[in-house]
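Hydrogens, waters and symmetry mates are skipped; everything else that's a heavy atom, side chains included, is used.
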Amino acid sequence: MIKYTIKRILLMIPVILGVTALIFILLSLVPGDPARLILGNEATVEMVAAKREELGLNDNLIVRLFRYIKDVFLHFDFGTGYYSTTPIASEIIERLPRTMTIAFFGILVTIAIGIPLGVLAAVHQNGIIDRICMLISMVGVAVPEFCVAMILVTIFSSRLGLLPSHGISSWVCYIMPVMATSLASVAGLARNARNSTLEAIRSDYVTTARSKGVKEWKVIVHHVLPNSMIPVINSLAGTFATSMGGTIIIENVFSIPGMGQYIVTAINNRDYNIIQGSVIVLAIIFSIIMLIVDLLYAQIDPRIKAQYLSAGKRRKKVQ
């Protein structure tokens, strides 16, 4: 298992470097001169040339790429935005916890609601409970996050006055963003849980357990759930990515100064430095989440665990 963990950690390095190189090259090919964007249209040619020299834009693309990779991964220096003197790293450190809070609690709500909803639908396949659960899932998939956010603001803030509509003055401000972020993820996870649970219910070992007279709830708890949750756990990384993507939109609806609002503002201002730094940080977070899910999957799935246990025993015999 240790070998598998080290292997997965090492695989993260080329992925993160590849994302860094890709986003840097793509943004370098975008039409427009960053020096002209910073100085404005009224700047003279000499001023633009001096600014390009200051930013290192006169060097070729490969030199700039390797310099950027060295600054980011050796010094954690993403530079500064075009229109701000505050280091991008400082802004990310300040804003990232707010985004991660929404995403983390969003995924907890997703797991707490989505998995029981899918299992309940599978156990009562083609029944009224199944139809209600799948209807809820279809609505969650069909309705965009920002529509859900606006509905929540209208009901709980404008009409009832129970929750604040914007800002992060207290923990209560996170309730509606978490609810809006988790709805689409709940729908997707419920469908995955339903499909994997149905597959487990139709398995031979479940039929054998029932033929032995084992009570139905014991069959579900001891035989169906442990095996049906393996594909669900494997899909949690994608669920978290969906939750993070929804958070970027939701933060702008609720005026939360997190990574989402930071990225959207940078896109509107064509501030490529901020976009690059934010994408790299999010790529690192996604890679870590993928690593955690893969390790959890390997720990739960007996086939992967047996593979590495048998490999370890063979090495001991050779020695």
Side-chain angles (χ1 to χ4, degrees), residues 8-100 103 240-241 244-245 247-249 251-252 255-291:
R8 288 293 295 112
I9 293 174
L10 292 177
L11 286 174
M12 289 173 55
I13 298 174
V15 171
I16 295 172
L17 290 177
V19 171
T20 303
L22 181 62
I23 189 64
F24 185 89
I25 293 171
L26 288 177
L27 291 179
S28 298
L29 298 177
V30 174
D33 188 351
R36 175 65 67 179
L37 289 174
I38 296 171
L39 297 176
N41 295 327
E42 297 180 357
T44 63
V45 176
E46 291 77 12
M47 294 171 63
V48 173
K51 193 65 176 179
R52 286 183 60 84
E53 184 66 29
E54 178 187 341
L55 297 175
L57 297 176
N58 293 328
D59 298 328
N60 65 63
L61 181 62
I62 302 300
V63 171
R64 288 190 284 124
L65 173 60
F66 278 97
R67 184 169 60 221
Y68 184 75
I69 290 175
K70 182 188 72 173
D71 290 340
V72 169
F73 294 104
L74 294 183
H75 307 292
F76 194 64
D77 181 13
F78 295 96
T80 59
Y82 290 166
Y83 312 103
S84 173
T85 58
T86 305
I88 295 174
S90 300
E91 289 281 356
I92 291 175
I93 291 172
E94 180 183 353
R95 294 169 178 269
L96 186 60
R98 299 162 187 159
T99 300
M100 293 303 297
F240 185 83
M244 284 289 291
T247 299
I248 292 176
I249 300 173
E251 284 180 358
N252 287 273
S255 299
I256 296 176
M259 289 296 295
Q261 193 180 73
Y262 194 45
I263 293 172
V264 171
T265 303
I267 292 173
N268 292 332
N269 294 333
R270 299 178 66 184
D271 197 327
Y272 304 140
N273 279 353
I274 292 177
I275 297 172
Q276 286 173 177
S278 301
V279 170
I280 292 169
V281 170
L282 292 178
I284 294 173
I285 292 173
F286 287 147
S287 298
I288 294 173
I289 295 300
M290 289 289 293
L291 172 65

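Across R52 and A35, no two heavy atoms sit closer than the pair CG-CB, 3.5 Å. L11 and V15 make their closest contact through O-CG2, 3.3 Å (heavy atoms, listed as atom of the first residue, atom of the second, distance). What you find for A21 and L65 is that their closest heavy atoms are CA-CD1, 3.8 Å.
Applying the ring-ring contact (aromatic ring centres under 6.0 Å, His included) criterion to F66, with sequence neighbours excluded, gives no partner residue. Among residues two or more places apart in sequence or in another chain, the side-chain hydrogen bond (donor to acceptor under 3.5 Å, both in side chains) test is passed with T99 by E251. Scored by the side-chain contact (heavy atoms from CB on, under 4.5 Å) test, V30 finds L27, R270, Y272 as partners (sequence neighbours excluded). In this view, L96 and I92, M100, M259, V281, I285 satisfy the side-chain contact (heavy atoms from CB on, under 4.5 Å) rule, not counting sequence neighbours. The salt bridge (Lys or Arg N to Asp or Glu O under 4.0 Å) search around D77 returns none, not counting sequence neighbours. Considering only residues two or more places apart in sequence or on other chains, R67 meets the salt bridge (Lys or Arg N to Asp or Glu O under 4.0 Å) condition with D59. With sequence neighbours excluded, no residue satisfies ring-ring contact (aromatic ring centres under 6.0 Å, His included) with F286. Qualifying side-chain contact (heavy atoms from CB on, under 4.5 Å) partners for Y83, counting only residues two or more places apart in sequence or in other chains: L37, N269, D271. By the side-chain contact (heavy atoms from CB on, under 4.5 Å) test, I249 is found to be paired with F146, residues two or more places apart in sequence or in another chain being considered.
For residues 29-60, no residue pair satisfies the ring pair (Phe, Tyr, Trp, His ring centres under 6.0 Å) rule, not counting sequence neighbours. A ring pair (Phe, Tyr, Trp, His ring centres under 6.0 Å) check over residues 9-33, counting only residues at least two apart or in different chains, returns the pairs F24-Y68. Under the salt bridge (charged side-chain N to carboxylate O under 4.0 Å, His left out) criterion, the residue pairs touching residues 81-94 are E91-R95, E94-R98, with sequence neighbours excluded.
Between atom CG of residue L17 and atom CG of residue L22 there is a gap of 12.5 Å, rounded to the nearest 0.5 Å. With rounding to the nearest 0.5 Å, the separation of CD1 in I289 from CD1 in I284 is 12.5 Å. Separation of atoms CZ (F78) and CG (N273) is listed at 11.0 Å; rounding is to 0.5 Å.
R64 pairs in a side-chain contact (heavy atoms from CB on, under 4.5 Å) with only one of the listed residues (I69, L57, N58), which is L57. Among I274, I280, I275, the one residue that satisfies the side-chain contact (heavy atoms from CB on, under 4.5 Å) test with S278 is I274.
In this structure, the side chains of V48 and K51 stay at 4.5 Å or more apart for every pair of heavy atoms.
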